[in-house]
Chemist: 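Following this message is one structure expressed as structure tokens.
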There are 2 protein chains.
Amino acid sequence: MQQANRMNPPRPKAQGATIRADQRLFLTDEQLRAGVELLFFAYRDFTGDPDRILAERGYGRAHHRAIHFIRHRPGLTVAGLIDLLGVTKQSLNRVLRQLIADGLVEQAVGEADRRQRILHLTQTGRELEASLSETQRERLRRAYLEAGPEAVAGFREVLHRMMDEGARRLVGGAGRT
Amino acid sequence: MQQANRMNPPRPKAQGATIRADQRLFLTDEQLRAGVELLFFAYRDFTGDPDRILAERGYGRAHHRAIHFIRHRPGLTVAGLIDLLGVTKQSLNRVLRQLIADGLVEQAVGEADRRQRILHLTQTGRELEASLSETQRERLRRAYLEAGPEAVAGFREVLHRMMDEGARRLVGGAGRT
DNA sequence: ATTTCTAAGTCAACAAGGCTGACATAAAAT
DNA sequence: ATTTTATGTCAGCCTTGTTGACTTAGAAAT
């Protein structure tokens with residue numbers, strides 16, 4: 001099951017004296033395809049650790065995402081969470097209802113707008129969130145450490161530019177750039 | 001919480017004999033958390049384009065992954081695909097059966113081992129695969145181009161180190177970077 | 001040659017987590 | 001007073017993952 005990947009030599013061909021082929025080797029279809037697979041495998045392993053912890057408690061990845069954002073976006077409303085997750089109200093409601101029933105999440109009536117429900121974690125919720133994100137931070141920490149600051153900057157740079165316009169504004173949390 | 005999540009100037013700093021705290025700013029919990037979110041949003045947008053195309057044809061992400069690997073791993077067997085995807089035989093079978101029925105995938109009896117089924121795409125299958133991966137490569141190409149070769153190297157480096165041992169061997173197919 | 005193991009396929013049942021559509025209520029906005 | 005918005009909920013559907021059980025064909029081992 002080997003091979004058949006490198007039979008895709010750089011296409012650019014010489015085109016005048018402007019751009020040389022070897023300057024764009026990182027943009028060949030083969031390089032891009034490798035990036036696609038890298039993302040697939042890395043993301044799969046990345047979500048694997050918390051998935052195992054969640055399964056023990058009868059939760060899924062959707063619960064993880066919800067409590068992650070509730071933890072890190074103080075003052076977050078239901079509509080805000082829906083925007084962040086990119087899911088429908090009905091879909092979120094199902095997991096939110098569980099989390100509230102289980103005492104991991106609480107709601108408070110919004111001060112400015114009393115229709116809003118401001119979400120926050122309980123102590124129990126914070127504990128679960130911490131144990132979940134710790135596994136992911138640990139994985140990332142190891143990768144960052146091994147790769148070094150320069151690589152990390154590049155990692156973040158590329159990921160950032162991969163995002164849609166809309167998403168870029170959501171990244172980084174509250175008082176970010 | 002007031003730092004740039006994008007341009008993330010590395011901290012080379014002159015190091016004495018010991019490691020100073022500011023050399024590890026890229027390893028703070030806050031930086032790591034930002035990385036976690038970056039991955040979430042980038043991956044979500046990254047899979048969004050093909051998802052839309054797939055939906056038009058009544059397929060899902062599982063079909064995409066299957067035809068991707070069938071396309072890029074010549075001689076791939078069913079068991080091999082199961083390993084790559086990390087799903088069960090039953091789960092894959094459902095998807096594979098559809099793809100075969102719809103004439104996107106064909107099977108050939110293995111030469112060495114006639115129990116095996118060697119998977120390959122038909123012309124139609126190759127066309128769909130191309131249109132799906134083109135959207136992803138295009139997104140990645142833009143991000144790579146904007147970020148530059150150095151950043152891309154870092155991107156790949158970090159992703160690679162995020163993977164589990166087992167997955168690293170599967171990446172890139174053949175002779176990878 | 002017979003037994004055992006393996007690759008593939010299938011059926012059934014279940015769960016998570018997406019989706020749409022329809023509707024209800026309270027509070028804000030007009 | 002009316003309309004719009006934020007939230008919540010019911011019902012039903014789909015995809016894609018899971019387990020468990022069982023079959024068939026071919027390879028391997030005894």
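Predicted model, so just to flag it, every value in this text is computed and none were measured. Chain letters run A, B, ... following the sequence lines, proteins first, then strands; residues in each count from 1.
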Chemist: For the helix from C:dA1-D:dT30 to C:dT30-D:dA1, what angle separates the axis at the start from the axis at the finish, each from five pairs, in steps of 10°?
Modeler: 20°
Chemist: May I have the distance from B:Arg44 (atom CZ) to C:dG17 (atom P), rounded to whole angstrom?
Modeler: 16 Å
Chemist: Does the A:Gln31 side chain pair with the main chain of A:Leu25, one donor and one acceptor, at a distance under 3.5 Å?
Modeler: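 Answer holds: no.
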Chemist: Closer to the 5' end of DNA chain C via nearest nucleotide, is it A:Thr88 or A:Asp113?
Modeler: A:Thr88
Chemist: Indicate yes or no: does B:Arg137 engage B:Glu134 in a salt bridge with an N to O separation below 4.0 Å.
Modeler: yes
Chemist: Among the candidates C:dT20, C:dA27, C:dG17, find the nucleotide nearest to the side-chain atoms of A:Arg61.
Modeler: C:dG17
Chemist: Does a side-chain N-to-carboxylate-O contact under 4.0 Å join B:Glu157 and B:Arg161?
Modeler: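 The answer is yes: the pair qualifies as a salt bridge.
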Chemist: Closer than 3.5 angstrom, by distance alone: can the side chain of B:Asp113 be matched with the main-chain N or O of B:Arg115 as a donor-acceptor pair?
Modeler: yes
Chemist: Could you give the start and end, 5' to 3', of the contact zone on DNA chain D for chain A, using atoms under 4.0 Å from its heavy atoms?
Modeler: D:dT5 to D:dC10
Chemist: May I have the distance from B:Glu56 (atom CD) to C:dC19 (atom C1'), rounded to whole angstrom?
Modeler: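 Distance, rounded to whole Å: 17 Å.
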Chemist: When the distance from CZ of A:Arg115 to C1' of C:dT25 is rounded to whole Å, what number comes out?
Modeler: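 My rounded result for the distance is 12 Å.
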Chemist: Could you go through A:Phe40 and B:Phe69, starting from their C-alpha distance and side-chain angles, then the distance that decides it, and tell me whether this counts as ring-ring contact (aromatic ring centres under 6.0 Å, His included)?
Modeler: CA-CA 11 Å; A:Phe40 168 68; B:Phe69 284 116; 5.8 Å; yes
Chemist: Would you indicate what A:Arg94 reaches in the nucleic acid, counting non-hydrogen atoms under 4.0 angstrom: base, sugar-phosphate, or nothing?
Modeler: base
Chemist: In sequence, state the C-alpha distance, the side-chain angles, and the governing distance for B:Arg52 and B:Glu56, and then conclude on salt bridge (charged side-chain N to carboxylate O under 4.0 Å, His left out).
Modeler: CA-CA 7 Å; B:Arg52 259 164 258 131; B:Glu56 291 169 13; over 6 Å; no
Chemist: In terms of side-chain heavy atoms of A:Lys89, which of C:dG9, C:dT10, C:dC23 is nearest?
Modeler: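 From the listed options, C:dC23 comes nearest.
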Chemist: Rounded at 0.5 Å granularity, tell me how far CG in A:Leu76 sits from CG in A:Leu81.
Modeler: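 CG of A:Leu81 is found 5.0 Å from CG of A:Leu76.
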Chemist: How many Å lie between CD1 on A:Ile67 and C1' on C:dG17, as a whole number?
Modeler: 16 Å
Chemist: When we call it a touch if two heavy atoms are under 4.0 Å apart, what does B:Gln107 touch: a base, just sugar-phosphate, or nothing?
Modeler: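 Contact class for B:Gln107: sugar-phosphate only.
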Chemist: Between A:Leu96 (CG) and C:dG17 (P), how many Å, whole number?
Modeler: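 Going from CG in A:Leu96 over to P in C:dG17 covers 13 Å.
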Chemist: OP1 or OP2 of C:dG17 sitting under 4.0 Å from any side-chain N/O of A:Ser91?
Modeler: no
Chemist: Starting at CG of A:Leu81 and ending at P of C:dG18, how long is that distance when rounded to a whole Å?
Modeler: 11 Å
Chemist: Find the distance A:His64:NE2 to C:dG17:C1' and express it as a whole number of Å.
Modeler: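 In whole Å, C:dG17 C1' and A:His64 NE2 are 16 Å from each other.
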Chemist: Which residue lies toward the 5' end of DNA chain C, A:Gly60 or B:Ile82, if each is placed at its nearest nucleotide?
Modeler: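 Of the two residues, B:Ile82 wins.
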Chemist: Side chain of B:Arg117, heavy atoms from C-beta onward: which of C:dG9, C:dA27, C:dC23 has the nearest atom to it?
Modeler: C:dG9
Chemist: Could B:Asp164 and A:Arg139 be called an ion pair, given the rule that one side-chain N must be under 4.0 Å from one carboxylate O?
Modeler: yes
Chemist: Below 4.0 angstrom, N of the basic side chain to O of the carboxylate: do B:Glu129 and B:Arg126 qualify?
Modeler: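 No, B:Glu129 and B:Arg126 are not salt-bridged.
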Chemist: Between A:Asn93 (CG) and C:dC19 (P), how many Å, whole number?
Modeler: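 So the CG-P distance, A:Asn93 to C:dC19, works out to 13 Å.
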Chemist: When you compare the side chain of B:Asp49 with that of B:Gln136, does any pair of heavy atoms fall below 4.5 Å?
Modeler: no
